[in-house]
Amino acid sequence: MLSKLNTEQREAAMYLDGPLLVLAGAGSGKTRVITHKIAYLVEECGYAARNIAAITFTNKAANEMRERVSLLLPGKSAKGLVVSTFHSLGMTILRAEAKLLGYKPQFSIFDSSDTFKIISELTNSGDKQEIRDIQTQISNWKSAFVAPEQAVVVADSADAEAYARIYMRYQETLRAYQAVDFDDLIHLPVLLFKDHPEALLRWQHKLRYLLIDEYQDTNDCQYQLTRLLAGTRAAFTAVGDDDQAIYAWRGASIENLHNLRTDYSQLRVIKLEQNYRSSQRILKVANALINHNTKVFEKKLWSDHGIGDPIRVYAARDDEHEAESVVMKLVTHKFENQAKFSDYAILYRSNYLSRAFEEQLRAQRVPYTVSGGTSFFDKPEIKDITAYLRLIANPDDDPAFIRAITTPKRGIGNATLEKLGSHAGLRHISLFEAAFDVQIEQLLPPRQYEDLMVFCRFINRLEDRAESDPCGELLDELLRAINYETWLYDSSDARQAESKWKNVEDFIGWLKRKSEADEKSLIAMVQTIALINMLEGKDKEQEAVSLSTLHAAKGLEFPHVFIIGAEEDILPFRDSDAKGIEEERRLMYVGVTRAERTLQISYCKRRRRGKDWALCEPSRFLEEMPQSELVFAGGHAEAVQVVTKDEGMDKLARLKAMLAKPVAES
DNA sequence: GGTGATGCCTTTTTT
DNA sequence: AGGCATCACC
């Protein structure tokens, strides 16, 4: 079974004598090690699949992992295997153990727009940036294990203390709503396990072997959860690559790789250094680039593939021209090489950069899929429906209550909600509960009170049936009862309404299929929704070009890769400090190492900034690559193409000088 | 005075 | 594509 692995991979797959850290360079087959190890545990070591947990960082990675394991494990032997993200594992634990923490199992999961609203209400400030700052601060506190009370105590400035107090009230609010945020999904299980050893034992008994992918992206909280679950047996394999750590901004710390060494003296470390993905030239460029970072774990990636094509660097006039030339190049290349569209990826730093490319691809009738970007579940029509579902699952979910009761409009407006809200605030109860309070009848005009009661009884009826009745029936009835389709057509033009209604139908269809396939109740489905951002299985293996952010591209590979927008202030992102630059460099490294055979990196010489043009400087990372392996093309850089490699740097410098001159308005 | 529609400007990365 | 501001209309 393990015959397809190389010596190190096999060793990693078979090592079971204690904790194991696999330092796996890009393209060195780390997913392969994990999947084969799972198969090995089941087939050769007598583990039941349901006692093994593989933890990934994205749902995409989890799905792929599940698929690859089921290819290795015939029949039903993969049944029960836990493959999930940290967050969804946390959700599962929390749902099972909710009572111990004083939550009901149907707790709501708040996404960042929910928490944004809560914080903005708590602060009474309209400053969006400040609210975002508070959001990040709270998130950092949680992942670093600082309780609200502690945050208040250690605050070293008036501002910090103000934030800490908001944190405290924020946490109280979530609890009142029977809601948790993303960080709580990991934070709360850790608290639970610390306070309830018997619960920890249960889970240690259930999850007897842990495999953690992308270990370099864990934050302190996730590390704690891992440690607790692994227990004294320390039966786990962590796989990671410090050069691909790109989530420091959300609290991940590469130090967790080292902490593993200090916390587990018996830790075995295996390095995977043979790359099976890229050409020698791509690797050479990637290695040279990443060597500009201060290194902790020395690692030397090598490949026995051919030297490969030169890496093209293309200077485009502006973003429109960049899109045009990349798409032309891609189409020509596909035609000449008889390749498939799915062999190509266009990667970028920020979501908005995809726009020009989407336009161009549509114009050329090239099929494409976009990953990352705004989630399907963020669309207003989907949020409307999920508000109802959330409310049915958990009537104390105030944000869901407000959205549902006002969409479609049913005669309850701000004035009524305000009265209800202030009463709820006084009594420390949810809006839903407040509606049934005896005093409310006197506080509201009869008409409003009647409408409110009709709505609440309606929700109550659905709530009663949520556990027992089939999910599909319930959904159909809900949509009919609220007349959602009609309302869509009444409130937007026919074209938009049509597409929105189609989204709703897709969503409902997906919910029905998924709840049947996974044997999940509607309530379990509702909680899952907050954690995913795409309808899975909708566009599998399409023959289409992939557009993706560099973050979302991690773990993927493509024969031909275009990295676009390689400019200062974009990649690296503006205002990056020294540490930030290193992370940006790793991001570029991730991009470069996605490529198997050809790679083109492009940048714009200018970009529209409002009315006029702003000049763009090529990314410093281009200079950090061995110039001998690059071929320059396009616009000003055309001249660079003919020079010898030694002059490459000079030319680039001169090119920059030329670009520094003002460009005429057009 | 309040609300709605239109148009212009700006976009970090994600569970 | 979304958010914000401005303008016009009710």
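Atom set for the values below is all heavy atoms of this structure, side chains included, hydrogens, waters and symmetry mates excluded. Residue numbers begin at 1 in each chain, while the letters A, B, ... track the order of the sequences.
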Asks: Spell out, as yes or no, whether a donor-acceptor pair under 3.5 Å connects the side chain of Q527(A) to the backbone of P105(A).
Replies: yes
Asks: More 5' along DNA chain B: A530(A) or S350(A), using each one's nearest nucleotide?
Replies: S350(A)
Asks: Are N219(A) and dT15(B) close enough that a side-chain N or O sits under 4.0 Å from OP1 or OP2?
Replies: no
Asks: Residues two or more places apart in sequence or in another chain: which of them pass side-chain hydrogen bond (donor to acceptor under 3.5 Å, both in side chains) with R585(A)?
Replies: N293(A), E624(A)
Asks: Check for a donor-acceptor pair, side chain of R607(A) on one end and backbone N or O of D319(A) on the other, with a separation under 3.5 Å.
Replies: no
Asks: Nearest whole angstrom, please: distance from the C1' of dA1(C) to the CZ of R362(A).
Replies: 12 Å
Asks: Round to a whole Å and report the spacing from CG of L531(A) to P of dT15(B).
Replies: 9 Å
Asks: Can you identify which nucleotide, out of dT13(B), dT11(B), dT15(B), has its nearest atom closest to the T58(A) side chain?
Replies: dT15(B)
Asks: To the nearest angstrom, how far is Q222(A) atom CD from dT15(B) atom C1'?
Replies: 9 Å
Asks: S88(A) near the nucleic acid: base, sugar-phosphate alone, or nothing, with a heavy-atom cut-off under 4.0 Å?
Replies: nothing
Asks: Where the side chain of R574(A) is defined as all heavy atoms beyond and including C-beta, which of dT15(B), dT13(B), dT11(B) is the nearest nucleotide?
Replies: dT11(B)
Asks: What contact category does F86(A) fall into here, base, sugar-phosphate, or nothing, at under 4.0 angstrom with non-hydrogen atoms?
Replies: nothing
Asks: What is the separation between atom OH on Y247(A) and atom P on dT13(B), rounded to the nearest whole Å?
Replies: 11 Å
Asks: Using whole Å, what does the distance between atom P of nucleotide dT15(B) and atom CE of M91(A) come to?
Replies: 14 Å
Asks: Taking 4.0 Å as the cut-off, does a side-chain nitrogen or oxygen of N59(A) come that near to OP1 or OP2 on dT15(B)?
Replies: no
Asks: Roughly, in whole Å, what's the span from CZ in R607(A) to P in dT10(B)?
Replies: 15 Å
Asks: What's the closest nucleotide to the T85(A) side chain, out of dT11(B), dT15(B), dT14(B)?
Replies: dT15(B)
Asks: Output yes if the stacking criterion (under 5.5 Å between centres, under 30° between planes) is met for Y352(A) over the base of dT11(B), else no.
Replies: yes
Asks: I would like to know whether D111(A) and D114(A) meet side-chain contact (heavy atoms from CB on, under 4.5 Å); could you show each step before the answer?
Replies: CA-CA 5 Å; D111(A) 64 19; D114(A) 294 318; 3.1 Å; yes
Asks: Rounded to the nearest Å, what distance is computed from the CG atom of residue L571(A) to the P atom of nucleotide dT11(B)?
Replies: 18 Å
Asks: Consider the side chain of T549(A), meaning its heavy atoms from C-beta on, and name the nucleotide among dT13(B), dT15(B), dA1(C) that approaches it most closely.
Replies: dT13(B)
Asks: Quickly work out the E359(A) CD to dA1(C) P distance and round it to whole Å.
Replies: 10 Å
Asks: Quick one: do R355(A) and E358(A) make a salt bridge, cutoff under 4.0 Å?
Replies: no
